[in-house]
Amino acid sequence: MIVRRPSPNIREFVVRRAEPTRSLSDGSLLFGSDVLTLAFGAVPVAAMAWALFQSNPGQSFTLKLEHILVVALFLAFLYIKLNAVTEESLLVIKDLGIQVKTCYASGFSRTEFIPIRDVVNLVINEAVTLFQVRFYLAVVAARRTELVVVFPSLLPRSDELKVVYWETQKVLWANQYY
C-alpha cells in the first residue's frame, strides 16, 4: 500500500495488484505470455471465418461448432483478463469528501465521490466465508442503503486497513476526535 500525504488536509491510499498485469493502454499486452494467447486465439478466428465463407454444402456442422466454441472461450478469457482490477485508491480531502477509484487492466476506471455531508462514519468490517475471514473498510454514507466498500477487489491486510482508518479519521474529523 502506498500512502501519500501532500498536505495535512489530504491523504491518498493506493493499493496495487501484487503481480503486474498487462494492459492495452500502455501497450504491454502485446509482450510476454499473452502473445501466445493472442496467436492461438487468432488461428481459430481465422479458421472459423474461412469455414463460414466456404460455399461447400458438404462441410460438417461439428467443425463450425468447434470453431465457434474455441473463439467463445478465447473471447471469454480475453474479457476476464482485461477486467482484472489493477489498482484501487482512496482520496480523502478535509471539508470536501472521499473519492474511491478502481482501475482495470483494460485502462477503464470507475470513480465514486462521496461528499463530506454524506459521510456518516468509516468502519472496518469482516466478511466470514466458509474457509476465511476477510477484513474490509467501508464508508457509511447518508442517503444510501448499502455501505461503500473502499478496496473491494484487492482487499488489503487488516493492519493496512487500520492505518487507512485512523489516517482518514484524523483528516476528516480532526477537531472532533483528537
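Scope of the values below: all heavy atoms of this structure, side chains included, with no hydrogens, waters or symmetry mates.
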Report the C-alpha distance between N121 and Q169 in whole Å, list the side-chain angles of each, state the deciding distance to 0.1 Å, and finish with yes or no for side-chain contact (heavy atoms from CB on, under 4.5 Å).
CA-CA 9 Å; N121 202 357; Q169 291 282 349; 3.6 Å; yes

Salt bridge (Lys or Arg N to Asp or Glu O under 4.0 Å) between E167 and R5: does it pass, once the steps are laid out?
CA-CA 10 Å; E167 293 263 345; R5 298 175 183 91; 3.0 Å; yes

In sequence, state the C-alpha distance, the side-chain angles, and the governing distance for T168 and W173, and then conclude on side-chain contact (heavy atoms from CB on, under 4.5 Å).
CA-CA 8 Å; T168 303; W173 300 293; 5.7 Å; no

Stepwise, does the side-chain contact (heavy atoms from CB on, under 4.5 Å) test hold for V164 with L90?
CA-CA 9 Å; V164 174; L90 171 69; 3.6 Å; yes

Could you check V148 against I114 for side-chain contact (heavy atoms from CB on, under 4.5 Å), going step by step and ending with a plain yes or no?
CA-CA 9 Å; V148 178; I114 305 166; 3.9 Å; yes

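A distance-only check finds no donor-acceptor pair linking the side chain of R11 to the backbone of R4 [under 3.5 Å]. Within the 3.5 Å criterion, the main-chain N or O of V14 finds no donor-acceptor partner in the side chain of E88.
The closest side-chain donor-acceptor pair between N125 and Y136 falls under 3.5 angstrom.
The structure places OG of S89 at 5.5 Å from CD of E12, a figure rounded to the nearest 0.5 Å. Taking CG of L161 as the start and CG of L122 as the end, the distance is 11.0 Å to the nearest 0.5 Å. Note: L155 CG to Q132 CD = 9.0 Å, rounded to the nearest 0.5 Å. Q99 contributes atom CD, which lies 7.5 Å from atom CZ of F113 (distance to the nearest 0.5 angstrom).
Of all heavy-atom pairs between L154 and V85, the closest is CD2-O, 4.0 Å. In plain terms, the two heavy atoms of N83 and Y104 that are nearest each other are O-CD2, 3.4 Å.
A side-chain contact (heavy atoms from CB on, under 4.5 Å) with L172 is found for one member of I116, D95, I93 and no other, namely I116.
R144 and E112 are joined by a salt bridge, as a carboxylate oxygen and a charged side-chain nitrogen come within less than 4.0 angstrom of each other. Of the charged side-chain nitrogens involved, at least one lies within less than 4.0 Å of a carboxylate oxygen, so that E160 and R157 count as a salt-bridged pair.
In the hydrophobic clustering of this structure, L96 does not group with V119; members are Ile, Leu, Val, Met, Phe, Trp, Tyr whose side-chain heavy atoms approach within less than 4.5 Å, directly or through other members.
E146 CD: 12 or fewer foreign heavy atoms inside a 6.0 Å radius.
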